[in-house]
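Below is one structure, written out as structure tokens; the observations come after it.
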Amino acid sequence: MSVSALSRARPVIRRGQASRFPPTVVASFAVLALVLLWSLVPTLFTGQDPARGVPADKFLGPSTAHWFGTDHLGRDLFARVVHGTASSVTSALVAVGIGVLVGGLIGLIAGFVGGWVDAVLARLVDVLLAIPSFLLAVVVVSSLGFETINAAIATGVSAVGVFARVMRSEVLKTRRAVFVEASYLQGGSRWHILVRHVLPNASRSVLMLAVLQFGLSILIIAGLAFLGYGDPPPASDWGLLISIGKDYPLAQWLVYAPALVTIATVLSVNRISRWLRKTD
Amino acid sequence: MAPQDRLTLDRVTAPADDALLRVEGLSVSYGDNQVVTDVSFGLRRGGSLALIGESGSGKSTIARAVLRLLPEGTGRARGLVEFDGQDVLSLSERRFRSLRGRRIGFVPQDPSTSLNPVRTVGSQAREAAALLDEPGGHRELVLETFAQVGLDDPRRVYDSYPHQLSGGMLQRVLIGLTVLPRPALIVADEPTSALDVTIQKRILDLLSDLRRDLDISLLLITHDLAIAAERADTLVVLKDGVVQESGGTASVFSSPSSEYARKLHADVPALNPDRYRHLRERPAGGTGERPKIEVGGVTKSFTVDGRALVAVDDVSFTVEAGTTHALVGESGSGKTTTIRLLLGLEEPDRGTITVAGEEVTGRSHAELRSIRRHLQLVYQNPFTSLDPTWTVKRLVGESLDRFRVGTRRERADRVREALDSVGLGENLLSRKPGALSGGQRQRVALARSLVLRPDVIVLDEPTSALDVSVQAGIVEVLLSLQAELGLTYVFVSHDLALVRQLAHTVSVMHRGRIVESGAVATVFDDPRRPYTRALVDSIPVGAGTVSGGVS
Amino acid sequence: MNRDYARYALRRVLQAIVVILLAYVFTFVVISVLPGDPVTNTLRNPQNGFTEEEIARIVSYYGLDRPVYEQLWDSLSRLLVGDLGISLRSGLPVGRLIGDVLGSTLLLAGSALVVALVLAFAIGFGTRYLPKRYGQGLLRAFPSLFLSVPNFVIGLVLINVFAFQLGLFRVIDSEGGLATFFAAIALGIPVSAQVAEVLIANLDHEAGQEYASVARSRGLGQTGLFLRHLLKPSALPVVTVVALTVGELLGGAVITEQIFGRTGIGSLVERSVTTQDLPVLQAVVTLAAVIFVVVNLVADLAYPLLDPRVRLGGAKPRDKAEVAR
Amino acid sequence: ACGPGVAANTGGSGEPRSGGDITFLIDSLGDTWIPNNSAISSFQGHIWGHLTDKLVYVDEKGEVSPWIAESWEQNTTATEFTLHLRKGVTFSDKTPVDAAAVLANLDIWAKGDATRGINPIGLFPKTYDHAEVVDPATVKVFFKAPTLGFIPTLGYHGSILVSPKTIALPAAQQADLANDLGSGPFVLSSWKEGDSVVLKKREDYNWAPAALKHQGAAYLDSITYKLVAQPSVRTSAVQSGQADVAYNPSPQELKSFSDQGFTTATPRYLGFVNGFAVNTRIAPFDDVKVRQALQHGIDRKEIISTVYTEDWLAPQSLFQSNVPGATDHSADFAFDAAKSDGLLDEAGWVKGADGVRAKDGKPLELMLYANPYLATSKSVDELIAQQLGKIGFKVNIQAFDVVTYGERVKIGSPSVAAYEVTRSFIDAGIVAGVLTDANKGENWFGLGQTDQKLVQLASSVASAESVDARAPLLDELQGHVLQQGYFVPLTQIVQRIYLQSPKLQGVSYNGIAYANYYAAWLG
Ligand SMILES: Nc1ncnc2c1ncn2[C@@H]1O[C@H](COP(=O)(O)OP(=O)(O)OP(=O)(O)O)[C@@H](O)[C@H]1O
Ligand SMILES: Nc1ncnc2c1ncn2[C@@H]1O[C@H](COP(=O)(O)OP(=O)(O)OP(=O)(O)O)[C@@H](O)[C@H]1O
Ligand SMILES: [Mg+2]
Ligand SMILES: [Mg+2]
């Protein structure tokens, strides 16, 4: 037994570290807070109607009246971005939720039950992993139909494999942990150990992955929207906005404004995920 | 061994002009966190100096400051570090590099992580040989050095990857690499604490011999006062990055002037074999009764890489109620496997085990469960044996909840009681393990095993991950609980000095077999087997020469 | 060791075959959930004004009127003799369709991988070399940034700037050198982020290892340390990560190929998906799975040979790569 | 040579000259190259138009003129036609385009070959009985009933003449464009599925239709059709000089391109205007007042100025105005929101607080299915949603991919109240087969044969034996359909939009709006 391994694991009792938020993390939280508010109370941020515009005012560049300019039907792009937030955010959440729940459950059962159950589930997960996730998403969404929610489901399905694998390896790791054996010696049943020890410990990495996956899902769903798998008009998810905007190269802001909002959001999510990983 | 060293013990600290290394007012901080404050000491040419202190006291930090290996960006050193008349801290990186390796060598603590795992030992050794500026023949030079540090098959070592060698061999390699360029100073940071007891002594002897033969000065870092006293002529005692005391070994050792040094001295088991005699030697109760634990002819083998490996081979011993039985032996000798069999965590291939008259082997899960109420285990490593997501309260109370003992209130009371008995306050109840020190964690683990009021507790190296002073605290708790509640302990350790302090009877294990057993005093004072003798010999003897004055 | 390795290799190969067959069935099931196929669709277009009887005859020519499980069984048994069937959309043999485009996608994915590796190693090297306070922080933010930009935005910007503003390449000549290079950048950037993240994490981890300090204490400088000690152990897990990103490269090709006007597996998928051209989709998705599985199989089988620490078990390298995700 | 909607070719500098290669960026190359199966695709027609010839030429005004058929006769009841073929015409493998070849083509167009997976071509008269070779240059065609539309149909984009050798091949081989031999002014140089088709000129070509005003080989050496899916990439490539023609740019950007000196062309095909066929079986559209409110509630000017340009024309009837026989009925559906409001009030639909009208607790709802074949359809539908919203409709929009659209959005389906029509034809006689369910008609309005007047008008149009006799019937039919609110016209449709380099001149457009580069040259 190497003593050094232990001394390295010595508890670094963090002094005052909780209060030390790097400025970029603060900024990321601010961005996410704004995005959250946009999705909950869009009307607080814009008085304009995202679906109805003044056709005569089409293709106006960004100005004080229209922060992000207007689109091909004279609608205020900022209003469309703000009102599209809820759909973008919830669809990413749905995708992550499917990944976490389905993938997590598969990984949990595979890791904890083991044996042939594990072998069967492992092949299933291998299949999900082997099909490139974007291809999988495209195939699934095409069989479900053109809707943002379907794109979200497809994205979630394509993430199931990753979650299952992480969950399984975490469960296996935790199951072999000394403290699990200790609990067994304390009279803990399998169920008790699964629910009280294995799950909470294993879910940490899964949650961190979930944060990362949230950002990734926004991008994948936007990618699907780019290919045309999004809600019908007048929906204004960010991906749809970029996808519509790209057809009007003379009005570049139609692409750049929603793209920047998307990038800022995903960047913030990634920053926070990295920060969580570090502080853990 | 090495009698010259002992003769030089009383030499006074070197005069300044003869100093090879001079540290003056050194302070080191990591970020805003200052961990070493105003440290000064000097090491004369050819001399040896030991830095001692508990974990986290800043010993390694000082070593790194001297070697300028502090982590870039965060670590910052102020003050004066003078090597051979040159101010080390103000040298440019390029100028200092010519000193590193060539003039100042470094022997790290854990040999298993100190060589690049994906390169062969030889290829890394050639890097050291290249420092000698002698053209060609690096390979021969390396092989020669390997032979010099006592490696039996230098060629095999040369072609091996680090993971293919044992810890002792790796440490020899590292020492070889360090002495190869003939440095003037070797900094050794706990060079043996990751190794087996029997190997520790051999490595320290090797260092001493090389030092003498090659006239190298030694800056030795250790947390073991006994080792320091044996191997160094000057001692510097550190606590929280501040020097508590320094001076010639004899004076610091025999008449420590600071409170801390005195306590340090008292806590080292090797220096105080009889410290707990009063607690241990109570009227031996229960003679004539059936022994609490009976292990008879137990054998267990594992299949490793297709081959059978007999981890425990025909092991038998008995433990009387209210006494402590120790299992000692080097790493891999089968100690842990034996106690896992005892707890019913593994099924033996052969043999019987009874605890309090009940057969452990061949029982169902439910039956085992009832036995376990009387039989608890404390693990070696408190950093892995406590669920990091649980609070202390839940951790300690888990078995009460599982066995549905009493009402909610009674359970809470018993948790508090158990924590109290291991010397922990209620203020820790809602903390998670991450917010506890190692000693506190091991006490929590102990409280967890006590809360069901078992009569047998099995302890697997419960203090090997802890500092001596923390260890002393735990040992004291263990012994007073035994005296109070009449508990029976099975105590696994490789630290013979510790075993001598607290056990009544002992079994010495070697390659899965018990080679010798009996009362502690008998086995230790008059070892019959050479293996036992080697184990006993490896207890640092620095104690023997000077401790007389203390006790 | 050798017999163990052989057994391990055999097991992995068998698993891979099972996975590929399952992927084939899986795709079939997913696609046939929704009724509809290109043949019937064309026939039913009211503009054609075909009669039911005319439609039924053609549909039965393609065997589309038979139960799903029979169709699956047929296509599976054809697959086993190497026949991928006929595209319902174009009427061309699926094997030929794929053969026509595979080279282009492999070229694109290969170039993207090279771009990604060069970028990632440049970033990794930079984080070791640039002084802490200067470019390093920025450099470390690169992977995050790369991972946050939708790759179609990268593609649109690259085309706009390099093809139309600067005229460096022609979109018409989509398979040309520079056109491929820029498409590879668009596809490679998100991948480079993943590789760079793992590389940086490993470099940091290795640099913090005891052996790095010990090597420095032997007088090694920064460059020596990086090249001799840090690079190999940090780069080894990259093998696994790179194998895992193959999926990303093939999947990302759908969008990249569309933007850069290339033909390839991606654009074939896109066309087949919108027309529900089952035989092609099945073949392409299975092919992607085969590529992924084979590449990962090779990586997993090679890893124990590359990294002396890993004995067997197979799980090791993946776990290491997990850091990235 | 610019017809309606085609912006004048600038300059017209100098004489045509030979040589040069052009690149045509297209958004899709369609699905299959099996000649018959690709007949209705809007993409392959570009390539077929250069690889193959047709028996007759139909220009953008719908006028039919001779091509491979030098002349033709028909009997008085329009059931027998005699085609006299031009001599010396050969397929690219030098085999003659003779009566036997034409017969083989007519048969496969009409019947297809189900045993080999070959479809019949759409819209080929179902009344076809058989054809006979009279002599190597004469074919006689027999119909079971009067078929006035036969001759114009021969100029339709599906009626391409391919070599009998090609026709004899199985589907999988016909699907390889290299096996599809025609007699056109260009031959295949190379092709790559889903990527590009390269055509090179045929030096010995010498049988162009007189209407194209050029004989002999084409001026251009080659035409490259290259698939570029992104509209903005197509236009930017032409703008930056990397390509010569971009197909289907976004209409809203056309103006800025022509301002920059580029040529834009928006030829209109012969056919129905873009509009909705209303299913009268679905409430509340069973009420004529609601249908009329729909017609008057749509501001076509706003659609044209917002989504299109002034090159688009407001509809005058349910036919494009270049269709022979189309007459002006625009007053019947002119935009008048007040009138719509009045009609809805009369019909008992009451406006609620949210501006949506309701009756018996049911809101006045309309679902529009965006047409996947028309890039601007979503924008138009969004605009219509706004406009109808003002008069109290609640309009939802649904979008599907091509296949799903085909599955879900069918004429007469109980969920599709307004079916968006985008359909070209060569002869207005087609209406007889779509408006009612008589003779297995498509029954666009869900009327069956309940509207006696419609049934009677349609059948007399179908059985008319001469164009002149048919004209007044057609006029009356258009009036009836529009007055009853069965059909809601939106705009005259331009399904093919071209943005091209000013250097490219002499381009012509046929009756189905395909650009023909046979007589084009680079200036
Ligand atoms: N890289 C680092 N960054 C920040 N703090 C550090 C770092 N290394 C050590 N410390 C802190 O500095 C203090 C002194 O550590 P150091 O390693 O010098 O102690 P030590 O006496 O060598 O302990 P041990 O006996 O456990 O090796 C400790 O509190 C430790 O947590
Ligand atoms: N589950 C197992 N499977 C295979 N081999 C095992 C297993 N457990 C122990 N062994 C082997 O049995 C031998 C005895 O191991 P054991 O852990 O009992 O030694 P130990 O005396 O406790 O050593 P240490 O002081 O290092 O803890 C070792 O060689 C070990 O590798
Ligand atoms: Mg240390
Ligand atoms: Mg052990």
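First the proteins, then the strands, lettered A, B, ... as listed; each starts at 1.
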Where does [X] contact chain C at under 4.5 Å (heavy atoms): side chain, backbone, both or neither?
X      : value
A:Q213 : neither
A:L128 : side chain
A:L267 : both
A:L136 : side chain

What pair of heavy atoms forms the shortest contact from C:Q276 to A:S142, and how long is it? NE2-O, 4.0 Å
Can you name the closest pair of heavy atoms from C:G247 and A:P132 and give their distance? O-CB, 3.1 Å
[Y] side chain reached by [X] side chain, heavy atoms, under 4.5 Å:
X      : Y      : value
A:Y229 : C:T274 : yes
A:K246 : C:I259 : no
C:L156 : A:F226 : yes

Would you mind telling me which of [options] has the largest number of heavy-atom pairs within less than 4.5 Å of chain A?
options                        : result
C:I265, C:L250, C:N151, C:L147 : C:L147
C:V293, C:V269, C:I255, C:V246 : C:I255
C:P190, C:S144, C:A16          : C:S144
C:S272, C:G251, C:S148         : C:S148

What distance separates [X] [atom1] from [Y] [atom2], expressed to the nearest 0.5 Å?
X      : Y      : atom1 : atom2 : result
C:L22  : A:L124 : CG    : CG    : 8.0 Å
A:I263 : C:L145 : CD1   : CG    : 7.5 Å
C:F152 : A:L227 : CZ    : CG    : 8.5 Å

Part of C:L281 within contact of chain A (heavy atom distance under 4.5 Å): side chain
Using heavy-atom distances under 4.5 Å, tell me whether C:V153 contacts chain A through its side chain, its backbone, both, or neither. side chain
Based on non-hydrogen pairs under 4.5 Å, which of [options] is most in contact with chain C?
options                        : result
A:A222, A:S205, A:A259, A:S273 : A:A222
A:V255, A:L219, A:V140         : A:L219
A:V127, A:V139, A:T262         : A:V127

Applying side-chain contact (heavy atoms from CB on, under 4.5 Å), run through C:F292 and A:D126 and close with a yes or a no. CA-CA 11 Å; C:F292 181 89; A:D126 278 351; over 6 Å; no
